[in-house]
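The next block holds one structure in the form of structure tokens; read it before the comments.
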Amino acid sequence: MFIRLKQSRIAKITKISKRKVIPVIVIILALIIGFTISKGKKPNSMTVSTPTATKVSVKVYQVKKTEKDITLTYKVSLQASQEGIVSNKVSGKVVQVMFKNGDHVTQGTPLVKLDDQDIKNNIATSQSTLTSSQITLEKNQLTLDDAQRSYDRTKALYDQGAASKTDLESADTKLKNAQYDLESTKATINTAQIELTNLQESLANTTITAPISGVMDEKNVDLGQYANIGSTFGKVKDISPIYAVIAVPQNDLSSVKVGQTVKVMVGEDNSKEYDGVVKRIELSADTTSRVFECKIELSNQDQSLKPGMYGTVTIVGGQKKEMLAVPTDALIGSAGDYSVFVNDKGTAREHIVSIGQIANGLVEIKNGLNDGDSVITTNVNTLQDGDAVAVVSK
């Protein structure tokens, strides 16, 4: 009985196991068949979908040669049209300073005062000497007149034989001595007068005044300092008009003429434009740089321009030249590393360019483009070399 039950159970387990194994076998066979079929297929028989490339809509500008006036551009620095040095002709202690940098002064305005007490004392002494000498002169004149009369009488008596030769010689000696004393006193008076005049001039020079009208600058004086003759206390600068100074190479001299009108831009961004006139061109070139200094006059009535400011000047010459130009919108990059995109049969191609002058929305192209190139002027900041483009008219 036990044996039969055991055999029956075994048969039942075997039957269940067969049911589980059959599906597994079927799955394995399916995988093997699928792998075999897959392996047998050729790679190029697979279908790959390729997306269609998107074209960038752009506008283009046809490059062509144009004529333009030769325009010269130079860096400029501003300087006063005149400079007057404030200095002293006499030495002395500074007792008063009457200016500061930036003050507007007119010619003759007192600026510095030196101690004048010693000079005033010397003037008093000189005046006293002069007065005394003038009194002596009057006495000597009387003595001379008396000696002249005595000589005349003695000479008349000597001619009549009533006076000796010794008497005549004595009268002549007194006359000559009186004449000498008178001339000597005159010389003393003349010397005293010159000394007095010099002292009075020195007294006037203890007040140092503005040599020209203008603006005070470079102040270099302090109260209480001792100033030797020729000390520089500051400068007066005439800045109305003011000069814009440029250095012109020899090859450009034919395009720059005295009296020519120019445009001067001042400031870091050249934001302010001023009208100027070429006032002077130096006759000789600088021995080191071999350039000619040129001064351009700006009226500067409001005195807003100051010495030391810098900017650029544009001079339009009398000659023309051919050039290639494109709109500034076509440029990408930065100074020294500019480029543009050219439409090459529907493909954007980047060209490195070197540029020249910029004016009226156009930039001169010195290298990198040819006459007839179609330069892309829109969407340039999003383009890359090789992008497909479509030209639109609007």
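Just so you know, residue 1 is the first one in the sequence shown, and it goes up from there.
In this structure, the side chain of Asp337 does not engage the main chain of Ser334 through any donor-acceptor pair within 3.5 Å. Asp373 places no side-chain N or O within 3.5 Å of a backbone atom of Val375 that could act as its donor or acceptor partner. Judged by distance alone, with hydrogens and angles left aside, the side-chain atoms of Asp116 form no donor-acceptor pair with the main-chain N or O of Thr206 at under 3.5 Å. Asn379 places no side-chain N or O within 3.5 Å of a backbone atom of Val56 that could act as its donor or acceptor partner. Using a distance-only test at 3.5 Å, with no hydrogens or angles considered, no donor-acceptor pair links the side chain of Ser170 to the main chain of Thr166. Side chain of Asn205 to backbone of Thr207: no donor-acceptor contact under 3.5 angstrom is found. In this structure, Asn343 contributes its side chain and Ala348 its backbone to no donor-acceptor pair below 3.5 Å. Here the side chain of Glu138 pairs no donor or acceptor atom with the backbone of Ile135 at under 3.5 angstrom.
No side-chain heavy atom of Val215 sits under 4.5 Å from any side-chain heavy atom of Val236. You'll find the side chain of Lys55 stays beyond 4.5 Å of the side chain of Val389, heavy atoms only. Side-chain atoms of Val326 and Val363, non-hydrogen and from C-beta on, do get closer than 4.5 Å to each other. Between Leu324 and Lys366 the shortest side-chain heavy-atom distance does not fall below 4.5 Å. With a 4.5 Å cut-off on side-chain heavy atoms, Val63 and Ile365 do not count as touching. Looking only at side-chain heavy atoms (C-beta outward), Val353 and Leu369 come within less than 4.5 Å of each other. Side-chain contact between Val90 and Ser202: present, with at least one pair of heavy atoms (C-beta onward) separated by less than 4.5 Å. Side-chain contact between Pro241 and Ser299 is absent, with no heavy atoms from C-beta onward closer than 4.5 Å.
Side-chain contact, Ser213 with Gln107: no donor N or O sits under 3.5 Å from an acceptor N or O. With no hydrogens or angles considered, no side-chain donor-acceptor pair links Thr129 and Ser126 at under 3.5 Å. No hydrogens or angles considered: a donor-acceptor pair under 3.5 Å links the side chains of Asp252 and Tyr74. Side-chain contact of Asp329 with Thr377: a donor-acceptor pair under 3.5 Å is absent, judged by distance alone. A donor and an acceptor atom, one from each side chain of Lys59 and Thr378, are nowhere located under 3.5 Å apart. Judged by distance alone, the side chains of Lys174 and Ser150 never bring a donor and an acceptor atom under 3.5 Å apart. When only modelled atom types and interatomic distance are considered, Gln79 and Lys237 share no side-chain donor-acceptor pair under 3.5 Å. A side-chain N or O of Asp167 and one of Ser164 form a donor-acceptor pair less than 3.5 Å apart. Residues Thr232 and Asn220 bring no donor and acceptor atom of their side chains to less than 3.5 Å of each other. A side-chain N or O of Gln62 and one of Ser374 form a donor-acceptor pair less than 3.5 Å apart.
The CG atom of Asp275 sits 11.5 Å away from the CD1 atom of Ile296 when rounded to the nearest 0.5 Å. Gln193 CD to Gln127 CD: the interatomic distance, rounded to the nearest 0.5 Å, is 9.5 Å. Annotation: the span from Ile355 atom CD1 to Thr328 atom OG1 amounts to 10.0 Å, rounded to 0.5 Å.
Hydrophobic clustering of Ile, Leu, Val, Met, Phe, Trp and Tyr side chains at less than 4.5 Å, counting indirect connections, unites Ile239 with Val313. Under the 4.5 Å side-chain contact rule for hydrophobic residues, Tyr338 and Val380 do not share a cluster.
Arg280 has a carboxylate O that lies under 4.0 Å from a charged side-chain N of Glu282, or vice versa, which qualifies the two as a salt bridge. Remark: Lys89 does not engage Glu201 in a salt bridge, criterion side-chain N to carboxylate O under 4.0 Å. Ion pairing between Asp152 and Arg149 fails under the 4.0 Å rule for side-chain N and carboxylate O. With respect to the salt-bridge test (charged N to carboxylate O, under 4.0 angstrom), the residues Arg290 and Asp286 do not qualify. Salt bridge Lys176/Asp172: present, at least one basic N to carboxylate O contact under 4.0 Å. Taking a cutoff of 4.0 Å between a charged side-chain nitrogen and a carboxylate oxygen, Lys100 and Asp103 qualify as a salt bridge.
Summarising the geometry of Phe292 relative to Ile281, their closest heavy-atom pair is CB-CG2, 4.4 Å, with the distance given to 0.1 Å. Across every non-hydrogen atom of Thr154 and Ala171, the tightest pair is OG1-CB, 3.8 Å. Of all the heavy atoms in Phe233 and Ala227, the pair that sits closest is CZ-CB, 3.6 Å. A pairwise comparison of heavy atoms in Val291 and Ala247 identifies CG2-CB, 3.6 Å as the closest pair. Across all their heavy atoms, Lys306 and Ile242 have their closest contact at C-CD1, 3.8 Å. Of all non-hydrogen atoms in Ala178 and Leu144, the two that sit nearest each other are CB-CA, 3.5 Å.
Heavy-atom neighbours of Lys279 NZ from other residues, nucleotides or ligands within 6.0 Å: at or below the threshold of 12. Heavy atoms from other residues, nucleotides or ligands lying under 6.0 Å from NZ of Lys113 number more than 12.
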